[in-house]
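Data first, discussion second: the structure below is written as structure tokens.
Chain letters run A, B, ... following the sequence lines, proteins first, then strands; residues in each count from 1. For the numbers below, each heavy atom of this structure counts, side chains included, while hydrogens, waters and symmetry mates do not.
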Amino acid sequence: MSSDPPMPATFAASIAASLRSALANTPFAAEIPPGFTAQVDATQNRQFGDYQSNAAMILAKALKKNPREVAAAIVGAFAAEGLCEKPEIAGPGFINFRLTTSALTTRFGALLADEARLGVALTDTPKTIVLDFSAPNVAKPMHVGHIRSTILGDGLGRIAKFLGHRVISDNHIGDWGTQFGMILWGWKHLLDEAALEADPIPELLRVYREVNARTKEDESILEACKSELVALQGGDAGNLAIWERCVELSKSGLQKIYDLLEVSFDHWYGESYYNDRLAPLVDDLLASGIAEVSEGAVCVFFRDDEKLADKPAIIRKSDGGFLYATTDLATIDFRIQELGADAIWYVVGAPQQLHFEQIFTIAKRRGQDADFRHIAFGSILGKDRKMLKTRSGDTVQLADVLAESIERARAIIEEKNPELPEEEKAAIARVIGIGSVKYAELSQFRMTDYIFDWDTMLSLKGNTAPYLINAYVRTRAIFRKLGSGFGSSSGELVLTEEAEKELLLKLAQYAEIVPTILEDFRPNALAAYLYEVATTYHQFWEACPVLKVEGDIRHTRLALCELTGRVLRHGLGLLGIGTTERM
RNA sequence: GCAGCUGUAGCUCAACUGGAUAGAGCAUCUGACUACGGAUCAGAAGGUUUGGGGUUCGAAUCCCUACAGCUGCGCCA
């Protein structure tokens, strides 16, 4: 690894650098606004070259000059140095760049030699990021609502880690709070020990639902639940023992789903972890004048913020109890002081936006300047555009979704490739089933509500996990046919066909896409890119026979297959999705 | 009432954060082949980007406004 030459900058970065020196050599160099940075983007349409810049048009506005004249001056000063052909000026003043074949070929070699990073640079500014996601409630099974947080959070964590950040994932489970009043009462009055032994989660759910229904009919049961809660919070040994057992059972049930999803956490600091820190925190906020007593409760007001002016945050109830705002503030203290967080990212649904605005505002008032982000997302709807429910009207459980997805994937494999060995079929069904659910989530912009549809997510066509995994399988199939793996020393790289160059350009752009994903937390941009890689590969596949040609051309095409496979596998890996060798 | 998010082809979604002719997939129609995995590729058709104003060389994107859907708003989490 260390003996390899350093990976050169991306095409976009190299062209931008040349553009900057060109700007410094124009007649109007002295007049360019100090904050201006010339942007270079991949073109949407190859008729405009490979990369384009709108720098001339933006500068023309600032300098009050004609955009095409500005562009001409820039092009005149531009030294391509073998990277691209002489830039062209087009339309209102775009500057278009077309890469040279030799630049593409050089990059090709470098990418092949960089199996670990595929050209992706580490961040210049590594941070310690505490990533808060998934966070299910104890004693209730995870339902589809947790899919988005879990999958998005895991994917973002993988990407951040790959870019060189220190990521600490923390599953902030709801293991404390008012729901335990009901659970305790139900445990004492309704629990079926045998059923609990056999399969704890469904039994806990049954008890919870039963109590919930009863409290709505009978006020006295609600009261009884409240006193169970008070006893628990007061340290009652019996209730604490039940609570502990309940949390343990729930955690082991949750772990099974995380294992299936291949999601893991560095910590599970649940809400209960912060119990002892709440009272001192509120005292501190009162003492510092950030919080005040209002109508018997301790509140923080945001009178100077127009949006929050009439929306105070309550951090201690008039009966002395604490709320989740209190816990979240204590959690911030812990994460900054003891985990060393520079950034705290919360992958939590959009409805909690107000809550996080309040929490972040309070934290800033306390002088905590970490990079706080609420990574919000919309909801999952059924085909009827309403919240996803089972036929009986219950919330859909995540475990059931995953099981069904694997089953459906299995049926497809059975139909398409019945001769595969049983064991392999099962393994493939798992990768495709889980991958399809994850990809359906990650390939869409997180804020839009999305419609959960088996046929769409498991389709072999279009922007789906099965299509991408199939593209990967095809890159492997060719080496199976060849009877050996890729050997980098078995020839020279010679790019002759347009389809080859187009594919290579696409593959080189992996290094440009990946670092942008965290800018606005858009893993769907990575998904869209991978889909383009797959379609570009298929086009190459149609246009360029591999095993029917010989010599350097065959070597080059095999290298393209190999590199495509690596990018697809790695990119899907960043999304938390596996690949298989056959399917 | 106040606030936030969303609104793009018949359907499901994109659009690199202000760039060129708004792109894909389903569904529909037309082509290509002993095909290295056809689980493919090429092409056609499909749009007043919810309506209306504004900002500028240029707007799906920014501002104002109306409408529609979802969500939240002092003692749940």
Between [X] ([atom1]) and [N] ([atom2]), how many Å, whole number?
X         : N      : atom1 : atom2 : result
Asp449(A) : C70(B) : CG    : P     : 10 Å
Arg582(A) : A39(B) : CZ    : P     : 17 Å
Asp520(A) : C5(B)  : CG    : C1'   : 14 Å
Phe97(A)  : G19(B) : CZ    : C1'   : 15 Å
Tyr537(A) : A39(B) : OH    : P     : 15 Å
Phe540(A) : A42(B) : CZ    : C1'   : 18 Å
Asn45(A)  : A20(B) : CG    : P     : 10 Å
Glu542(A) : A39(B) : CD    : P     : 12 Å

Take atom [atom1] of [X] as the centre, draw a 6.0 Å sphere, and report whether it contains more than 12 heavy atoms from other residues, nucleotides or ligands.
X         : atom1 : value
Met387(A) : CE    : no
Glu219(A) : CD    : no
Glu502(A) : CD    : yes

Within the structure shown, what part of the strands sits under 4.0 Å from [X] by heavy-atom distance: base, sugar-phosphate, or nothing?
X         : answer
Asn54(A)  : base
Ile451(A) : sugar-phosphate
Asn96(A)  : base
Arg480(A) : base
Gln47(A)  : base
Ala313(A) : nothing
Gln539(A) : sugar-phosphate
Ala90(A)  : base
Gln44(A)  : base
Lys461(A) : sugar-phosphate
Lys61(A)  : base

Heteroatom pairs (N/O) under 3.5 angstrom, protein to nucleotides 71-77 of chain B:
| from | atom 1 | to | atom 2 | distance (Å) |
| --- | --- | --- | --- | --- |
| C75(B) | O2 | Ser318(A) | N | 2.6 |
| C75(B) | O2 | Ser318(A) | OG | 3.3 |
| C75(B) | N3 | Ser318(A) | OG | 3.3 |
| C75(B) | N4 | Glu295(A) | O | 2.7 |
| C76(B) | OP2 | Lys317(A) | NZ | 3.0 |
| C76(B) | O2' | Thr178(A) | OG1 | 2.7 |
| A77(B) | OP2 | Tyr324(A) | N | 3.4 |
| A77(B) | O3' | Glu271(A) | OE1 | 3.0 |
| A77(B) | O3' | Glu271(A) | OE2 | 2.5 |
| A77(B) | N6 | Tyr324(A) | OH | 2.6 |
| A77(B) | N1 | Tyr324(A) | OH | 3.4 |

Same-atom distance ([atom1]) from [N] to [M], integer angstrom:
N      : M      : atom1 : value
U17(B) : A59(B) : C1'   : 12 Å
A44(B) : A24(B) : P     : 10 Å
U40(B) : A27(B) : P     : 11 Å
C62(B) : G72(B) : P     : 25 Å
C13(B) : A45(B) : P     : 26 Å
C70(B) : U65(B) : P     : 23 Å
A60(B) : G52(B) : P     : 13 Å
A15(B) : G54(B) : C1'   : 24 Å

Requested in this report: Indicate whether Phe94(A) forms a stack on G19(B); treat it as stacked only if centroid distance is below 5.5 angstrom and interplanar angle below 30 degrees.
Outcome: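 No, Phe94(A) does not stack on the base of G19(B).
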
Query - ring centroid sep under 5.5 Å plus plane angle under 30, Trp541(A) with C36(B) - result: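 So Trp541(A) counts as stacking on the base.
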
Query raised in the report: When the ring centroid of His172(A) is compared with that of Tyr324(A), is the distance short of 6.0 Å?
Result: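 No, the ring of His172(A) stays outside the 6.0 Å limit from the ring of Tyr324(A), centre to centre.
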
**Report entry** Arg303(A) charged N/C atom sitting above Phe301(A) aromatic ring, 6.0 Å / 45°
**Finding:**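 Yes, Arg303(A) lies over the aromatic ring of Phe301(A).
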
Query raised in the report: Taking atom types as modelled, is there a side-chain donor on Thr496(A) or Glu500(A) under 3.5 Å from an acceptor on the other?
Result: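 There is such a pair (donor and acceptor under 3.5 Å, judged by atom type) between the side chains of Thr496(A) and Glu500(A).
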
**Report entry** Under 3.5 Å side-chain donor-acceptor pair for Tyr439(A) and Gln444(A)
**Finding:**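 Result is no, nothing qualifies.
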
Query raised in the report: To the side chain of Met447(A), which of C36(B), A14(B), C5(B) is closest?
Result: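 Minimum distance to the Met447(A) side chain belongs to C5(B).
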
Query raised in the report: Choosing from A20(B), C36(B), A39(B), which nucleotide comes nearest the side chain of Asn417(A)?
Result: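 Between A20(B), C36(B), A39(B), the one nearest the side chain of Asn417(A) would be A39(B).
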
Query raised in the report: Hey, is the side chain of His538(A) poking within less than 4.0 Å of OP1 or OP2 on U40(B), counting only N and O atoms?
Result: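 So the side-chain polar atoms of His538(A) never come under 4.0 Å of the phosphate oxygens OP1 or OP2 of U40(B).
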
Query raised in the report: Would one find a side-chain N or O of Thr448(A) under 4.0 angstrom from OP1 or OP2 of U8(B)?
Result: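 Thr448(A) to U8(B) OP1/OP2: no side-chain N or O under 4.0 Å.
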
Watson-Crick/G-U partner (both atom distances under 3.5 Å) of [N]:
N      : result
A24(B) : U12(B)
G72(B) : C2(B)
A42(B) : U30(B)
G7(B)  : C67(B)
G47(B) : none

Requested in this report: Report yes if some heavy atom in the side chain of Ile159(A) is under 4.5 Å from a heavy atom in the side chain of Leu526(A); otherwise report no.
Outcome: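 Of all side-chain heavy-atom pairs linking Leu526(A) with Ile159(A), at least one is under 4.5 Å.
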
Report task. Decide, for U28(B), between syn and anti: a glycosidic angle within 90° of 0 counts as syn, anything else as anti. Result ->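 Here the answer is anti: the torsion falls beyond 90° from 0.
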
Query raised in the report: Between Asn524(A) and Ser53(A), who's closer to the 5' end of RNA chain B by nearest nucleotide?
Result: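 Its nearest nucleotide lies further toward 5', so the answer is Asn524(A).
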
Report task. Between Leu460(A) and Ala543(A), just flag the one whose closest nucleotide in RNA chain B comes earlier from the 5' side. Result ->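 Between the two, 5'-proximity favours Ala543(A).
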
Requested in this report: Name the orientation class of the two ring planes belonging to Tyr269(A) and Phe334(A) (parallel below 30°, tilted from 30 to 60°, perpendicular beyond 60°).
Outcome: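 Ring orientation, 0 to 90° scale: perpendicular.
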
Query - Spatial distance of atom NZ (Lys317(A)) from atom OG1 (Thr326(A)) [nearest 0.5 Å] - result: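 Answer for the NZ-OG1 pair, Lys317(A) versus Thr326(A), is 9.5 Å.
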
Query - Electrostatic pair Glu441(A)-Arg446(A), nearest N-O below 4.0 angstrom - result: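 Salt bridge absent between Glu441(A) and Arg446(A).
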
